[in-house]
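These notes are about the structure you will find just below.
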Amino acid sequence: MRTLRSIAELRAALAEPRRFGAEIGLVPTMGAFHEGHLSLMRHAREECDTVVVSLFVNPTQFNESSDLSAYPRDEAGDAVLAADVGVDFLFAPPVEELYPTGFATTVSVSAITGELEGIHRGRGHFDGVTTIVTKLLNIASPDVAYFGQKDAQQAVVIKRLVRDLDMPVRIAICPTVREPDGLAMSSRNRHLDPAERFRATALHRALRTAEAAVAAGLRDPAVVQARARAELTSSHVEPEYLELVHADTLAPVATIDGDVLAVLAAWVGDTRLIDNHVITKNGRR
Ligand code: AMP
């Protein structure tokens, strides 16, 4: 695996495989790899001839500078893990390479970004995401780009971005990878102390509670949400939002008559966690 720092180097490295018709897969990440990231890389490795992983902690998607500075970074460790999975190129540019002096362009998806994470992290969060993803897609020109279902709203926003701007790339959404006790893997989990780590399992239980309620025949989202919310609060986990929304539009559903996305964000101590499950009408995924 080669680590590349500049756009020109990455484009040059991809020119040859592209000439020979190689299928190129891109996995955009912010590093601090865990099994969730590695599963995206494995999917890319299975499906593509050449695999590029970008590692860039994108400053424009953080609304709190303290959150940005606290973001875990371990490029050396990440490089070992990516190489083990068989990644070909790790693209890890400095900030100035992607945001040179005078940078003045924002790519913004309206609708779907003002809800859920958009309310709580600020609209600028998704503008930061869609701008950097557009740049990475332009830089690597992959055939397929891999994202995780863990960030459900981000997945919906990126699919919309690519569709609306006619970007010639397939967006692959890979399932959420979880710890054995159900906690969705996240770079932020390392901020949890042992007691918080234990309480954090309530997020998954809350989503399972919502599933069970739907499986039992409940169709009123407010009732299902209340049951799931009770599971969180009984574990002293403070929900920021917990909603049942349409899986493509992220609009709240009035009644549960098809697949819905149960999405939640919650604070466990000082750590903000998100999770989601797709719930089918009979309650199974
Ligand atoms: P991040 O480095 O947090 O920006 O994540 C990079 C990619 O990994 C995003 O597409 C995430 O949705 C995905 N990802 C993060 N955690 C998980 C997980 N537990 N399971 C699957 N994908 C994940």
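Start at 1 and go down the list; that is how both ligands and their atoms are numbered. Since this is a predicted model, take the numbers as computed values, not measurements.
- Geometrically, ligand 1 and Asp151 share a nitrogen or oxygen pair separated by less than 3.5 Å.
- Checking only distances, Leu40 never comes within under 3.5 Å of ligand 1, N or O to N or O.
- Protein heavy atom at the shortest distance from atom 10 (O) of ligand 1 is Gly148 N, 2.9 Å.
- Less than 4.0 angstrom separates some heavy atom of Phe147 from each of these atoms of ligand 1: 10 (O).
- Judged by distance alone, with hydrogens and angles left aside, the side-chain atoms of His125 form a donor-acceptor pair with the main-chain N or O of Gln61 at under 3.5 Å.
- Contact annotation: Pro28 has at least one heavy atom less than 4.0 Å from an atom of ligand 1.
- Ligand 1 is never approached by Gln149 to a heavy-atom distance shorter than 4.0 Å.
- Neither the backbone nor the side chain of Phe56 comes within contact range of ligand 1; no heavy atom lies under 4.0 Å.
- Looking at His277 and Glu211, their side chains do bring a donor and an acceptor atom within 3.5 Å of each other.
- Taking atom 20 (N) of ligand 1 as the reference point, the nearest protein heavy-atom neighbour is Val177 N, 2.8 Å.
- Between the side chain of Arg18 and the main chain of Pro142, no donor-acceptor pair closer than 3.5 Å is present.
- Classification of Lys135 and Glu97 as a salt-bridged pair fails, no side-chain N sitting under 4.0 Å from a carboxylate O.
- In this structure, a donor-acceptor pair under 3.5 Å is present between the side chains of Thr201 and Arg205.
- Near Tyr71, with a cut-off below 4.0 Å to any heavy atom, the atoms of ligand 1 are 3 (O).
- Here Arg73 pairs with nothing under the side-chain hydrogen bond (donor to acceptor under 3.5 Å, both in side chains) rule; sequence neighbours left out.
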Please step through side-chain contact (heavy atoms from CB on, under 4.5 Å) for the pair Val129 and Val157, ending with a clear verdict.
-> CA-CA 9 Å; Val129 169; Val157 168; 5.9 Å; no
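- The distance from ligand 1 to the heavy atoms of Met185 drops below 4.0 Å at these ligand atoms: 16 (N), 17 (C), 18 (C), 19 (N).
- Between Arg170 and Glu47 there is a salt bridge, since at least one side-chain N of the basic residue sits less than 4.0 Å from a carboxylate O of the acidic one.
- Ligand 1 has an N or O atom lying under 3.5 Å from an N or O atom of Met30, backbone or side chain.
- Close approach of ligand 1 to Pro175 is summarised as follows: ligand atoms under 4.0 Å from at least one heavy atom of the residue are 20 (N), 21 (C).
- Across every non-hydrogen atom of Arg178 and His204, the tightest pair is NH1-ND1, 3.4 Å.
- For Ser108 and Asp127, the side-chain atoms include at least one donor-acceptor pair closer than 3.5 Å.
- Within the 4.0 Å heavy-atom shell around ligand 1 one does not find Ala32.
- Of the protein's non-hydrogen atoms, the one nearest atom 23 (C) of ligand 1 is Lys150 CB, 3.9 Å.
- Shortest contact from atom 5 (O) of ligand 1 to any protein heavy atom: His37 NE2, 3.4 Å.
- Residues passing the side-chain hydrogen bond (donor to acceptor under 3.5 Å, both in side chains) test with Arg229, sequence neighbours excluded: none.
- Here's the thing with Ala184: none of its N/O atoms is less than 3.5 angstrom from an N/O atom of ligand 1.
- Each of the following atoms of ligand 1 lies closer than 4.0 Å to a heavy atom of His34: 15 (C), 16 (N), 17 (C).
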